[in-house]
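One is the number of the first residue; the rest follow in order along the sequence.
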Amino acid sequence: MLDINANTYTSQDLKSALAKFKEGTEMENSKDELARQATVKQLFRPIEELKKEFDELNVVLETDMQIMVRLINKFNSSSSSLEEKVAALFDLEYYVHQMDNAQDLLSFGGLQVVINGLNSTEPLVKEYAAFVLGAAFSSNPKVQVEAIEGGALQKLLVILATNQPLPAKKKVLFALCSLLRHFPYAQQQFLKLGGLQVLRSLVQEKSAKMFAEEEAELTQDSSPEKLQQYRQVQLLPGLQEQGWCEITAQLLALPEHDAREKVLQTLGALLTTCRDRYRQDLQLSRTLGRLQAEYQALASLELQEGEDDGYFRELLASINSLMKELR
C-alpha cells in the first residue's frame, strides 16, 4: 500500500504498487473466466453425455433417411388406416423438399411407392401422394428422370382426365408442373400422351363450373353448399402460380406443326388466366412473330395450289388472333 500522507514516492514504490494492481486484476480475470467456462459447460454438454441421457429415456435420434423409411413403411402398410396413410404422406412432404432427401427417397424405393399411391381408390391418398411428388420433383433432375421411368406422368394425367375431386387435381397440377419444368424429354412425353388436350379440357371444365356458379347466383337455383364447393378450389389462379403459363408458352417452340397447333389451342384456353404473363414473355412474342412469318409463307403456297382453307392458313389465323389478344 502507498502511504497517501507521504509527500513524495520513490520509483520503487510506484513499481511495487503497479505490480500488486496487475496481480489483483489477473486474479479477477481468472475468476471471471472460470465462471464463464462453468456456465458454458452447463449450457453445452458433450454429445456422449447427451446420448447417454437419451438412451436412459429410451429416446432415439433418427436421421432424415430413417424417418423417411419409417413414413414410407407406415404409408405402405395394409394395417394403416386412411388417416395414418395421409398423415405419413403429409410428414414425408416436409422432408423431400431437400434435394438430398428426395434422392434418398429414390435410393430405397420410396419414390415408386408414392408414385403407386396415385392408383389408390382414395382421393385423399391421390391428393397427398401428388403433393409429395411435386415437392420431390422440384429442381431435382435425377428424381424427375426416375419418375418418368416409373410411370408417374401417365398416372398424373389419368387423374386429371377422370372424374376426381378438385383438390386432388390441383395437387396433381402442381406435381405435373414440377415434373415438366426444365425437362424437355418429359415435355415431349406430355405432348405424346395427350397432356395438352387434358389440360385444355380441365380449363374448359373449370370455366364451365365458374359460369355455373355465376348462373346459380343469378337464378338462385343452387344450394349454398354447392356454391361453396365451387369456391373451394381456385384452380385457374393455381395454374398461374404453379408456372403453367410459362410452360405452355415454351412448348410453342417445338418444331412439329401438329404440336404447335395443340399448343396454340391451349394458349387460347389459358388466355384469361395467363394474359399478363404472356404479354410480359418476350420469348413468346419473338416465337409468335417468327411463326407468323413462317405460316404466312406456307399459307401463300397453299393459296397458289388452290387451297383456300388450308391447314397452314388455319394455324396462321390462330397466331394472328393470339397476337391481337396480347397487344
Side-chain angles (χ1 to χ4, degrees), residues 138-139 144 153 156-157 160-161 173-208 210-211 234-327:
S138 185
S139 302
Q144 288 174 314
L153 181 56
L156 291 168
L157 286 175
L160 283 184
L173 280 169
F174 163 62
L176 261 178
C177 192
S178 296
L179 181 58
L180 299 181
R181 189 178 285 114
H182 308 308
F183 192 4
Y185 177 74
Q187 294 171 9
Q188 292 172 3
Q189 295 304 306
F190 176 74
L191 286 173
K192 288 180 181 178
L193 292 170
L196 282 178
Q197 292 91 316
V198 172
L199 183 61
R200 256 196 334 271
S201 298
L202 188 66
V203 171
Q204 291 163 357
E205 171 193 341
K206 182 57 182 174
S207 297
M210 291 169 66
F211 176 78
Q234 296 296 321
L235 186 61
L236 297 183
L239 291 174
Q240 185 185 99
E241 294 165 6
Q242 294 167 5
W244 278 102
C245 300
E246 290 76 11
I247 286 179
T248 50
Q250 291 166 9
L251 293 174
L252 196 58
L254 293 167
E256 299 86 0
H257 299 303
D258 180 62
R260 290 172 178 174
E261 179 186 15
K262 292 182 174 64
V263 174
L264 285 168
Q265 291 170 351
T266 305
L267 292 175
L270 290 172
L271 192 57
T272 302
T273 302
C274 297
R275 188 186 303 272
D276 291 341
R277 297 291 180 93
Y278 290 161
R279 282 175 172 165
Q280 297 167 9
D281 191 334
L282 296 179
Q283 183 60 45
L284 174 61
S285 178
R286 288 191 288 267
T287 301
L288 286 171
R290 177 174 57 79
L291 292 180
Q292 184 184 48
E294 179 181 339
Y295 286 118
Q296 279 175 341
L298 291 171
S300 295
L301 290 175
E302 284 181 329
L303 283 174
Q304 293 174 16
E305 295 172 359
E307 297 183 45
D308 293 336
D309 297 315
Y311 176 65
F312 296 124
R313 188 178 176 84
E314 291 180 5
L315 286 179
L316 179 60
S318 296
I319 292 169
N320 289 338
S321 175
L322 184 59
M323 292 178 74
K324 183 179 178 180
E325 290 285 348
L326 296 179
R327 286 174 187 163

First locate atom [atom1] of [X], then atom [atom2] of [Y], and finally report the distance between them rounded to the nearest 0.5 Å.
X	Y	atom1	atom2	value
Leu270	Cys245	CG	SG	6.5 Å
Arg279	Cys274	CZ	SG	12.5 Å
Gln189	Phe183	CD	CZ	9.0 Å
Ser178	Leu156	OG	CG	10.0 Å

Next on the checklist: Gln265: which residues meet the side chain to side chain donor-acceptor pair (under 3.5 Å) condition with it, sequence neighbours left out?
Outcome noted: Arg200
Next on the checklist: For the backbone of Phe174 and the side chain of Gln242, can you confirm whether one donor and one acceptor N or O come within less than 3.5 Å of each other?
Outcome noted: yes
Item to check | Whether Ser321 side chain and Ser318 backbone form a donor-acceptor pair below 3.5 Å | outcome: no
Item to check | Worked check of side chain to side chain contact (heavy atoms under 4.5 Å, CB included) between Thr273 and Trp244 | outcome: CA-CA 10 Å; Thr273 302; Trp244 278 102; over 6 Å; no
Next on the checklist: Do Arg260 and Tyr295 pair up side chain to side chain, a donor and an acceptor below 3.5 Å, judged on atom types alone?
Outcome noted: yes
Checklist entry - Are Gln144 and Tyr185 linked by a side-chain donor-acceptor pair shorter than 3.5 Å? => result no
Checklist entry - Are Asp258 and Lys262 within salt-bridge range, i.e. N to O under 4.0 Å? => result yes
Checklist entry - Partners of Leu271 by side-chain contact (heavy atoms from CB on, under 4.5 Å), sequence neighbours excluded? => result Arg275, Tyr278, Leu322, Glu325, Leu326
